[in-house]
S.K.: 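The structure follows.
We name chains A, B, ... by the order of the sequence lines, and we start the count at 1 in each one.
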Amino acid sequence: MNTQRQIHPAMTGFSLLSFLLFGISVASVGSGERGKALPYDPALISRLSLDGVPRSLAVCQGGKVWLGYDLERALVFKAWVAPEGKKGLVVSDFVARSEGDIRFEDKAKTPWRWRRTEGADPVAIRYLGCTQGGDGIEMSWELSRENLRLRLHERVVFATPAAGLVVRELRVEGLGDGESLLLPEATREKWTLRTEGDKSVDGLSGSGWYRLSLP
Amino acid sequence: MKPFFPFIIAILCVIGAAGAAESSRTLDLPATMIFAKGPNEYAGDVLEITRGRGATIGWYVRANEEEEVRVSIEYACEKPLNQAYQLSFDGIDRFWEVVPTAKGEWVRADLGTFKIRAGLPVLIFLVPPSGTKYPHPVRFRKLVLEGATAGNLSLLALPEEIAAPDASPGFGEKLGGLHPALDAIDLRDESLTLRVSGMAMGRQDELLFTTWDGDLFSLDLDANDESGPPPFRRIARGLSEPMGLAVHEGRIFVTEKNEATELIDGDGDGLFETYRCLSHDWPCTMDYHEYLFGAVVRDDHLYFSASVGMAARGKDNYQAPLRGSVLRVQVDTGETEVVAGGLRTPDGMGLGPDGSILVTDNQGEWLPANKLVVVREGDFFNFRSIPPWHPFDRPQATPPAVWLPQGEIAASPTQPVVLPDSWGPYAGQVIFGDATFGGLQRAVPEEVEGVMQGVVFPFSQGFRHLFHRFAFTDDGTLYAGGIARGNDREFIHRVSGLSRIRYTGEKVFEPLDARIRSNGLEIGFTLPLAAGQGWDPAAYHVTQWGYQATQTYGGQKVRHRAAEVRSASVSPDHRRVFLEIPGLVEGEVVHVRISPSLAGEGGAQLWTGDLWYTLNRLPAGNPGEVLPAPAGAIGRAEPYFRISEGGAGRVLFQNFCAACHSLDRTKLVGPSLHGIAGAKRRVRDSADGAMKEVVADAAYFRESILEPNSLLVDGYPENLMPPIGAILTESQIDDLVDYLVEVSAAK
């Protein structure tokens, strides 16, 4: 195997922070060949179209809660809890369907907004890809508006969070002083965004990691 | 000299300006004089159109002089339709939005003005929407053509079917076995279902391939000692329906359902943890058929194509923007460009002999036949939705380099690849597989005055798998991966998998290439012809035709006729034969069937005698040389071809049905026909969804051909079988039904 395969700059930041905020009850991972776990275990991650959203990705946390991402909008459009004894994701004919108790659903289709003193404007979004580490998955997007270029990272660990139903981590690169990135409206309403210092905020600023949790 | 009369005299006798006043400027095209009504019904002189597929509403018209012609239609339709009609006038398409009429009212609607060329028969074609059934009819009496010159237009009689010579494998019928110069082995692990969807060499001794199910496998060719199952190693998973794989400078690119992806092994452990989205800059829907096909890297750009959706084709013919495109993505920046448009199911993509991008496309809506195209910037290849949606859409589409007639040489063509130098006389030629027709076909494109065109030959059948993707090792060994359509696991097990194919160098006598000349076609052979062979024009059965694309499935052969072979001249080295063929027409396919009795040096027998040459450009100069035949080389007593009753049905079955329906108990993708004639069948009636029993008689077979969804055998889904009735003539359907009744009878 050629080991010169290049790494895209977007994909290098996955293991910068540990996942110490979370418990360690890691859900099972797929057993791959040569004794090493092959990434993208279908028990944890699905990259098939989900619930009518063609470009989507589903991640399971704690073995029971699923997050459904709309990759073109860089957001979770659905979070649900699998029925007892079931996976919570039904795959048929290369399409995935959620099954279980829906705890969050974004039907508003509101965008991410770039906020500064003059106001808050929606940004265009381009999905850049995903990386699975041993503990979770990280996704990246480019957010743009005119000359603005931001890089949004979001990661989800597979383990059950220490608190809350489900927890995600986010950070953004490229914001200037006094600028922030406002979460889509439905997310802002239902999820709680906190800084590394556990301060509740309504948007991302700087370049540190934030925690987004659903009670 | 062959006893074929010039086309216009013998086949299409002018019947005058039927229905029009003498020397009128107008010409009626009555509904009662169309090719075939399909499953629709007449009420007197009115055709009541309730089903889009299967009706063949067309006429041949001839003009003495070129002029502008206005077309109008007499019709009644009391309720709106959800799709437009297609009117094609000598290949130029317009759409007619049917305006509802008041109850009992007949209306004359203007369909536009077209230019009619002089001389050649011109096909005028009216194509209903592709919806399978409408609860209310469009009642249609006639089209009316109105020109400027009295007596200029005339309606021609419908052509009769050309009698085809009796067929045998390789001569009008699919080849029956492995090419004598090939050696193939099956690389199989019975525990794995490998629906190979992409293939590339990772390094010299590593074969990489993706599967439809979303895995990436590695096969160490050095470790594959053939003593047991190949040592397949899965190195990535979780891909979304990958249909293309390319390796470029050590980087791995995959075309997934909705994005082009680079697989990255950041820690060098041989597994891939990063799926970098290279691009998804084109719209998509949830349609199951919106694949990204192929993956070719050229000049630091990844090329692939985006197939069209299928789920809405019978409803509103909607397509997401840019479907049917060839796309190009810069592998570092992800910058995405549209290279070409108008493709349908462009399953195969490969680099041509000169580094060009080759694409195969599958017959269906807007594609009257399968095709091999050479992609150039800005090309539009004719698949349309309503309204025209692709930025490159235009009335005059780019012709394919090589038409691949449905059921004759292809059905679902796949990846084209160029044969390497080690493949003897075939080096530099293109082969491609077929996910339905099976085997390998061989094509030789050529550029004539800046226009791409060329020839296709049958090459080999006799493989276990239906080949989808290919990769060559440096020593010229071909690895070929098979795939299956549909979800029938048994079917999938039968045809999916991997084969290793080697060229042995054995000499095989067959046509090698074909080049167009201004006055005919020159055919090259792999071996010299035997002395005195090849000079008799009667040894070549030549037909020619154009194609008519329709918005419903498939399309018609246009002006299908026998061609005169005026002379045959053999080159001094006996390796080439020039066929002098007057009346070659640009935009048509020339099919040559060489008599199997033609012998090569040392008495070698022909492996195949079929070739199809697509003539897009007839060169102005460069005529072939007509040579005097040696004494006794022409006019043997025994005919070169035999035309007998009943053979047509067998060939039609072989070419259109046998890939999916067995005559024994073998389970293929469709139900076996073994012993069903006269027996009761349990079917689902599409009219009410109820299960019922029917007797499998001639009417049942006919209905199943014309309306495959109408009486579905229990356990089989809708739309699995293509509506081949739409591309067969009435007499062909009669032949096929007769054959089916005979061969499927209980013995």
Side-chain angles (χ1 to χ4, degrees), chain A residues 1-15 30-58 71-72 91-97 124-134 137-142, chain B residues 202-203 206 208 212-218 220 231-242 247 249-252 256-281 283-288 290-291 320 331-332 334 336 486-487:
Chain A
M1 186 66 61
N2 191 316
T3 56
Q4 299 303 308
R5 288 166 185 143
Q6 297 180 14
I7 302 173
H8 190 267
M11 296 289 119
T12 54
F14 182 73
S15 58
S31 58
E33 286 69 4
R34 289 184 172 174
K36 180 157 185 177
L38 201 59
Y40 300 96
D41 181 350
L44 300 170
I45 299 170
S46 166
R47 298 177 68 250
L48 301 176
S49 300
L50 169 70
D51 287 354
V53 179
R55 291 184 172 117
S56 52
L57 185 150
L71 298 174
E72 291 187 290
V91 174
S92 175
D93 292 337
F94 301 106
V95 172
R97 177 171 57 82
I125 291 171
R126 192 160 189 266
Y127 175 59
L128 296 176
C130 57
T131 296
Q132 186 191 330
I137 184 170
E138 177 171 329
M139 292 152 278
S140 297
W141 293 266
E142 182 183 79
Chain B
R203 57 186 181 194
E206 181 194 29
L208 299 175
W212 194 350
D213 299 286
D215 295 320
L216 173 66
F217 283 92
S218 165
D220 184 340
F232 296 124
R233 193 164 61 87
R234 189 166 59 153
I235 55 175
R237 63 178 165 181
L239 300 169
S240 178
E241 298 188 77
V247 176
E249 296 178 350
R251 298 166 69 180
I252 295 180
E256 298 188 83
K257 185 77 184 290
N258 293 319
E259 69 176 59
T261 307
E262 180 178 4
L263 308 186
I264 298 172
D265 172 19
D267 54 14
D269 64 354
L271 306 178
F272 296 86
E273 70 284 341
T274 293
Y275 292 176
R276 174 196 169 210
C277 177
L278 192 58
S279 176
H280 62 75
D281 294 344
C284 66
T285 72
M286 287 294 290
D287 192 292
Y288 76 95
E290 287 184 358
Y291 300 106
V331 295
D332 295 316
T336 304
N487 295 317

S.K.: Taking the side chain as every heavy atom from C-beta outward, state whether B:K257 and B:Y291 have any pair of such atoms under 4.5 Å apart.
M.R.: yes
S.K.: Looking at side-chain heavy atoms only, is the closest gap between A:F94 and B:D213 below 4.5 Å?
M.R.: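 When only atoms from C-beta onward are counted, B:D213 and A:F94 do touch, with a gap below 4.5 Å.
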S.K.: For B:E256, check side chain to side chain donor-acceptor pair (under 3.5 Å) against everything at least two apart and list the hits.
M.R.: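 By the side chain to side chain donor-acceptor pair (under 3.5 Å) rule, B:E256 matches A:R47, B:T261.
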S.K.: Find the one option among B:G334, B:C277, B:C284, B:S240 whose heavy-atom pairs under 4.5 Å with chain A are most numerous.
M.R.: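 Looking at each of B:G334, B:C277, B:C284, B:S240 in turn, B:C277 comes out on top.
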S.K.: With chain A, which of B:N258, B:T285, B:V247, B:L278 has the greatest number of heavy-atom pairs at distances under 4.5 Å?
M.R.: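 Most heavy-atom pairs under 4.5 Å with chain A: B:N258.
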S.K.: Counting only heavy atoms closer than 4.5 Å, note whether A:V95 contacts chain B via side chain, backbone, both or neither.
M.R.: side chain
S.K.: Of all residues at least two apart in sequence or in a different chain, which pass the salt bridge (Lys or Arg N to Asp or Glu O under 4.0 Å) check with B:D281?
M.R.: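 Result, salt bridge (Lys or Arg N to Asp or Glu O under 4.0 Å) vs B:D281: A:R126.
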